[in-house]
Engineer: 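I am attaching a structure below and will ask some questions about it afterwards.
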Amino acid sequence: MLDFHILGRLKVTNDLTDCTPTAPMVRRVLAQLLLCANNIVTLDAIIDELWGDKPPKSAVPTAQTYIYQLRRQFEPWLPNGKAEQVLATCGTGYVLQLNPGQLDLEAYLRLAEQGHLALAAGDPAAARQLLWQALDLWSGPALADVTAGPSIQAHIVHLSEQRAHTVELRIQADAMLGRHRELVGELKAMLMADPLNEWCHAQLIKALACSGRRNESLVAYQRLRKTLSTELGLEPSEVLQELHQDVLAGRDSWSDWRTSA
């Protein structure tokens with residue numbers, strides 16, 4: 001069975017054999033089909049992805065040739081005649097028909113949703129395990145080695161946002177399990193990459209306070225306040241200001257902080 005990977009570098013494998021296309025334009029067509037797996041991608045959409053508003057006169061036959069090359073790529077790993085069923089022609093478009101378990105994106109979305117539901121149901125241990133399993137499927141930015149046109153780029157941005165949300169849910173699960181000390185370093189690293197992320201700042205302030213590092217928690221708030229003032233001319237949100245007041249007051253009941261802010 002062919003396995004397809006897009007959560008990182010584009011890769012197609014059959015057991016331990018790498019059968020990933022190498023031609024850049026063919027890889028882009030495959031990426032677009034995988035992002036829309038089991039749904040029709042019109043020929044016009046493929047042409048728009050590859051050439052935008054300036055397609056060559058040969059765009060239609062060239063795009064059809066890339067589909068033919070993909071089928072030839074898959075043929076050695078499929079039963080006779082199956083390549084045209086797996087990559088099927090449907091009217092004026094094509095659909096890459098995959099079974100559950102063949103695409104890492106499908107597995108990621110399933111695990112992330114299960115983790116979200118477990119967290120909402122008040123089971124942070126199960127949520128943490130499921131969310132880690134989802135995140136472990138990522139080896140880097142989605143389709144990191146594929147040149148992206150407008151359609152693929154839109155999908156990549158969306159997937160990046162989904163992954164960031166999954167990380168936030170996993171951090172919430174860890175906080176609910178009392179793993180505050182372990183979170184401090186991770187949150188500091190996240191803020192180095194995104195210093196204006198107020199959600200991360202709130203989680204760091206909470207994690208430090210819950211770890212018995214009240215002074216550091218207060219310093220973290222002041223650092224955020226200075227950054228927001230310098231960069232944006234803003235004050236921290238009302239939620240963060242209330243959080244700051246709780247730390248100043250020496251509040252020691254943190255349960256309702258765990259999933260807020």
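Bear in mind that the values here come from a model prediction, so they are computed numbers and not experimental data.
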Engineer: Where do Gly8 and Ser139 come nearest, in terms of heavy atoms and distance?
Structural biologist: CA-OG, 3.5 Å
Engineer: If Ile, Leu, Val, Met, Phe, Trp and Tyr residues are connected whenever their side-chain heavy atoms lie under 4.5 Å apart, and connections chain through other members, are Leu191 and Val219 in the same group?
Structural biologist: no
Engineer: Can you name the closest pair of heavy atoms from Ala112 and Ala134 and give their distance?
Structural biologist: N-CB, 3.8 Å
Engineer: Is there a path of hydrophobic side-chain contacts, each under 4.5 Å between heavy atoms of I, L, V, M, F, W or Y residues, that connects Ile171 with Trp132?
Structural biologist: no
Engineer: Would you say the side chain of Trp138 lies within less than 4.5 Å of the side chain of Leu159, judging by non-hydrogen atoms?
Structural biologist: yes
Engineer: Please report the interatomic distance CG(Asp136) to CG(Leu7), rounded to the nearest 0.5 Å.
Structural biologist: 11.5 Å
Engineer: Does Asp48 reach the main-chain N or O of Ile46 with its side chain, forming a donor-acceptor pair under 3.5 Å?
Structural biologist: no
Engineer: Do other residues, nucleotides or ligands put more than 12 heavy atoms under 6.0 Å from the CZ atom of Arg9?
Structural biologist: no
Engineer: Identify the heavy atoms of Ala83 and Glu75 that sit nearest to each other, and give their distance.
Structural biologist: CB-CG, 3.6 Å
Engineer: Evaluate Val184 against Glu216 for side-chain contact (heavy atoms from CB on, under 4.5 Å), listing each step before the verdict.
Structural biologist: CA-CA 11 Å; Val184 169; Glu216 290 181 64; 5.9 Å; no
Engineer: Would you confirm whether Glu106, through its side chain, and Gly101, through its main-chain N or O, come within 3.5 Å as a donor-acceptor pair?
Structural biologist: yes
Engineer: Taking the basic N atoms (NZ, or NE/NH1/NH2) and the acidic carboxylate oxygens, is any pair closer than 4.0 Å for Arg170 and Glu186?
Structural biologist: yes
Engineer: Does the pair Tyr94 and Leu43 meet the rule for a side-chain contact (heavy atoms from CB on, under 4.5 Å), with working shown?
Structural biologist: CA-CA 7 Å; Tyr94 305 93; Leu43 184 59; 4.1 Å; yes
Engineer: Any chance you could measure Leu78, atom CG, to Glu84, atom CD, to the nearest 0.5 Å?
Structural biologist: 11.5 Å
Engineer: Given Trp77 and Val86, is the side-chain contact (heavy atoms from CB on, under 4.5 Å) satisfied, shown in steps?
Structural biologist: CA-CA 11 Å; Trp77 320 109; Val86 172; over 6 Å; no
Engineer: Do Ile40 and Leu70 land in one hydrophobic cluster if side-chain heavy atoms of ILVMFWY residues count as linked below 4.5 Å?
Structural biologist: no
Engineer: So do Arg163 and Leu135 actually touch side chain to side chain, heavy atoms under 4.5 Å?
Structural biologist: yes
Engineer: Over all heavy atoms of both residues, which pair between Ala175 and Leu183 is shortest? Give the atoms and the distance, please.
Structural biologist: N-CD1, 3.8 Å
Engineer: Show every donor-acceptor pair shorter than 3.5 Å between a side-chain atom in residues 11-36 and any protein atom, with sequence neighbours excluded, or say none if there are none.
Structural biologist:
unit_1, atom_1, unit_2, atom_2, d
Asn14, OD1, Met1, N, 3.2
Asp18, OD1, Thr20, N, 2.9
Asp18, OD1, Thr20, OG1, 2.6
Thr20, OG1, Val12, N, 2.8
Thr20, OG1, Val12, O, 3.3
Arg27, NH1, Pro21, O, 3.0
Arg27, NH2, Asp145, OD1, 3.3
Arg27, NH2, Asp145, OD2, 2.6
Arg28, NE, Thr147, O, 3.2
Arg28, NH2, Glu49, O, 2.7
Gln32, NE2, Ala45, O, 3.2

Engineer: Taking the side chain from Thr65 and the backbone from Pro61, do they hold a donor-acceptor pair closer than 3.5 Å?
Structural biologist: yes
Engineer: Roughly how far, to the nearest 0.5 Å, is CD1 of Ile205 from CG of Asp246?
Structural biologist: 11.0 Å
Engineer: With a 3.5 Å distance limit and no angle check, can you tell me whether Arg128 reaches the backbone of Asp174 through a side-chain donor-acceptor pair?
Structural biologist: no
Engineer: Could you see if Leu109 belongs to whatever hydrophobic cluster contains Leu119? Use Ile, Leu, Val, Met, Phe, Trp, Tyr and a side-chain cutoff under 4.5 Å.
Structural biologist: no
Engineer: Tell me every residue that passes ring-ring contact (aromatic ring centres under 6.0 Å, His included) with His244, counting only those two or more places apart in sequence or in another chain.
Structural biologist: Tyr221
Engineer: Taking Arg223's backbone N and O only, do any of them form a donor-acceptor pair with Thr227's side chain (distance below 3.5 Å, no angle check)?
Structural biologist: yes
Engineer: Check whether any side-chain heavy atom of Met190 sits under 4.5 Å from a side-chain heavy atom of Leu204, and report yes or no.
Structural biologist: no
Engineer: Going hydrophobic residue to hydrophobic residue with side-chain gaps under 4.5 angstrom, can you get from Leu131 over to Leu117?
Structural biologist: no
Engineer: What is the distance from atom OG1 of Thr166 to atom OH of Tyr108, rounded to the nearest 0.5 Å?
Structural biologist: 2.5 Å
Engineer: Under 3.5 Å, side chain of Glu198 to main-chain N/O of Ser237, donor-acceptor pair present?
Structural biologist: yes
Engineer: Measure the spacing between CZ of Arg71 and CG of Leu87 and express it to the nearest 0.5 Å.
Structural biologist: 5.0 Å
Engineer: Once rounded to the nearest 0.5 Å, what's the spacing between atom CZ of Arg225 and atom CG of Leu234?
Structural biologist: 12.5 Å
Engineer: Report yes if some heavy atom in the side chain of His158 is under 4.5 Å from a heavy atom in the side chain of His155; otherwise report no.
Structural biologist: no
Engineer: Using side-chain contact (heavy atoms from CB on, under 4.5 Å), reason through Leu137 and Leu111 one step at a time and then give a plain yes or no.
Structural biologist: CA-CA 10 Å; Leu137 293 171; Leu111 288 165; 4.1 Å; yes
Engineer: Determine whether a donor-acceptor pair (N or O, by modelled atom type, separation under 3.5 Å) exists between the side chain of Gln102 and the backbone of Leu2.
Structural biologist: yes
Engineer: Determine the minimum heavy-atom distance between Ala63 and Ile47, stating which atoms define it.
Structural biologist: CB-CG1, 4.3 Å
Engineer: Which atoms form the tightest heavy-atom contact between Ala173 and Ala127, and what is the distance?
Structural biologist: CB-CB, 4.3 Å
Engineer: Counting only N and O atoms by type, is there a donor-acceptor contact under 3.5 Å from the side chain of Asn38 to the main-chain atoms of Val95?
Structural biologist: no
